[in-house]
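Any value given below was found using the heavy atoms of this structure, including those in side chains, with hydrogens, waters and symmetry copies removed. Fair warning: this is a prediction, and the values are worked out from it, not measured in the lab. Every number for a ligand or one of its atoms is a count from 1 in the order of the listing.
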Amino acid sequence: MRISVIGCGYLGAVHAAAMTQLGHDVVGVDIDEAKVEALAAGRAPFYEPGLSDLLTGALTTGRLRFTTDLAEIAGARVHFVCVGTPQKRGEFAADLKYVDAAFAAVLPHLSDGDLLVGKSTVPVGTAERLAVDLTGSGATLVWNPEFLREGLAVQDTLHPNRLVYGVPAGMPGENATAVLNEVYAAPLADGVPLVVTDYATAELVKVAANSFLATKISFINAMAELCEATGADVTGLAEAIGYDERIGRKFLNAGLGFGGGCLPKDIRAFMARAGELGVDQALSFLREVDSINMRRRVRMVDLAREVCNGSIVGRRIAVLGAAFKPNSDDVRDSPALSVAAQMQLQGAHVVVTDPQAIDNARLKWPDLTFAETAQDAATGADVVLLATEWEQYRELDPVQLATVVREKRILDGRNVLDPEAWRAAGWTYRALGRR
Ligand code: UGA
């Protein structure tokens, strides 16, 4: 199948390479020349485990190319729109300017029988609006939300845990489903569950899923607040409630909370859309989910102050991690960077390290100091804060690290270290939601 992928960011670049791997003939389009050049040379323009190999493999088949020229999508039968929908400045709502621009630009290149497939996360009602613009083009619109996790994007794209098609009613919907079934023939043959539904449900599935995940994280972080007030331990609590299969242990890791380019802006855009629809009360709990999440960052700065006997002014604080999660170089709404910046603004000398995200972090917060390694960041530190749980930080040796710091104080922002081992090595160990 000839496929085009419009927008080659975290979602589109992986999707284009994965579609080639599934046997299709793919052209990826992006307006960013540097990105296109990198992708065409087999270099991933961002850090995503396995993407470089997937790209190189896909490029050597001769069935994958990248271009900045949208006209090259002509001839493709299925066009995936994978552009971003960031939060609007100063508002909760999603900014649809990239989606609208992509659809407007694609329209003149569509042929009769083409499938236009929206993968971007959009407010419910967007597909119905965009479908009207397709009238007369002979093309059909499908909404096919994406559930990949950064850091696991390759695996999640090649082996998704479900596929969702939002299709129009009647024959156009049936035809569209048949074409998409061909595109996803390999995962479907592997037994990946498929839900075929209408536009609104498909759009809602995506934001409902992210809202649920955000709620689960904020739930355990709210419990962490209770644990802090009572001397209980949130990790033991999560373990114990997680044994109940109805609850499940996944996504119950208390700590600095959620960040990234998806969960925070998706719950806010969902609230904004509910307001427009006159059902804002239905989602008022998400406001609390957001507040709990943001409070964790404030609490971590307070904790740093507490272990420094009341003031962080002039203290050297090593922050391990800048990415919003491990195995990613994405610093969008990163809890780690947000805490680092807050502590710096409050007078601490903050040194941040990250295995992959330093360049992105420096672009965002040029005033912070950056170090290449945890060892360098921690040298002379009064406090070490583990903010993103990269494997190499989880495995740090408390005995060895004790030899370079000024004061042995460790803040475990992700509840991943062994408190006993750190305390045994002479460290003051503190974490969110733990004794
Ligand atoms: C999220 C969803 O998990 C994906 O299914 C979805 O496709 C994606 O958003 C999207 O909308 O594009 P992602 O943003 O890559 O994926 O990251 P997650 O693994 O969901 O983690 C989000 C944040 O929650 C991270 O900051 C992570 O550190 C935090 N988190 C996660 C916790 O604080 N506790 C947990 O127990 C789990």
Side-chain angles (χ1 to χ4, degrees), residues 7 9-15 46-49 82-87 94 119-122 144-157 160-164 203-224 234-235 237-239 241-242 247-270 289-290 292-297 300 321-339 354 357 386-390 393-394 412-416 431-433:
Y10 287 98
L11 164 58
V14 182
H15 194 69
F46 48 86
Y47 178 73
E48 181 61 46
C82 297
V83 296
T85 51
Q87 187 176 336
K119 284 194 94 58
S120 311
T121 303
V122 291
N144 170 220
E146 176 58 53
F147 306 104
L148 70 79
R149 295 159 294 176
E150 286 178 31
L152 296 164
V154 171
Q155 170 193 324
D156 284 353
T157 308
N161 53 21
R162 77 282 209 191
L163 287 164
V164 176
E203 290 164 323
L204 279 173
V205 164
K206 170 70 195 203
V207 280
N210 277 359
S211 296
F212 191 88
L213 294 172
T215 304
K216 212 172 168 191
I217 298 168
S218 276
F219 173 82
I220 199 64
N221 282 330
M223 293 306 110
V234 75
T235 59
L237 177 86
E239 184 191 353
I241 63 172
I247 297 173
R249 176 63 186 80
K250 288 181 184 157
F251 263 66
L252 282 183
N253 298 322
L256 276 175
F258 59 83
C262 303
L263 261 46
K265 64 104 177 153
D266 284 355
I267 61 168
R268 293 174 193 151
F270 199 14
V289 165
D290 202 3
I292 295 165
N293 193 50
M294 300 313 280
R295 276 209 297 275
R296 294 288 75 193
R297 303 178 186 188
M300 185 47 92
F324 84 104
K325 68 187 253 188
N327 300 317
S328 171
D329 64 357
D330 193 346
V331 298
R332 288 176 293 171
D333 203 350
S334 163
L337 264 191
S338 143
V339 169
D354 191 283
L386 189 157
T388 311
E389 69 276 32
W390 286 91
Y393 303 154
R394 302 168 82 123
D412 183 359
R414 294 290 177 184
N415 283 312
V416 289
L432 297 171

Go through the steps to decide whether Leu256 and Leu432 satisfy the test side chain to side chain contact (heavy atoms under 4.5 Å, CB included), and finish with yes or no.
CA-CA 8 Å; Leu256 276 175; Leu432 297 171; 4.2 Å; yes

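- Side chain of Lys325 to backbone of Gly260: no donor-acceptor contact under 3.5 angstrom is found.
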Give the C-alpha distance, both sets of side-chain angles, the deciding distance and a yes or no for side chain to side chain contact (heavy atoms under 4.5 Å, CB included) between Asn221 and Arg295.
CA-CA 9 Å; Asn221 282 330; Arg295 276 209 297 275; over 6 Å; no

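- Between Arg268 and Asp290 there is a salt bridge, since a side-chain N of the basic residue sits under 4.0 Å from a carboxylate O of the acidic one.
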Test side chain to side chain contact (heavy atoms under 4.5 Å, CB included) on Tyr393 and Arg414 and set out the steps.
CA-CA 11 Å; Tyr393 303 154; Arg414 294 290 177 184; over 6 Å; no

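- In this structure Asp330 satisfies the side-chain hydrogen bond (donor to acceptor under 3.5 Å, both in side chains) test together with Arg332, sequence neighbours excluded.
- Residue-level contacts of ligand 1 at the 4.0 Å heavy-atom threshold are Glu146, Phe147, Leu148, Arg149, Glu150, Lys206, Asn210, Leu213, Ile217, Phe251, Leu252, Asn253, Gly257, Phe258, Gly259, Cys262, Leu263, Asp266, Phe324, Lys325, Arg414.
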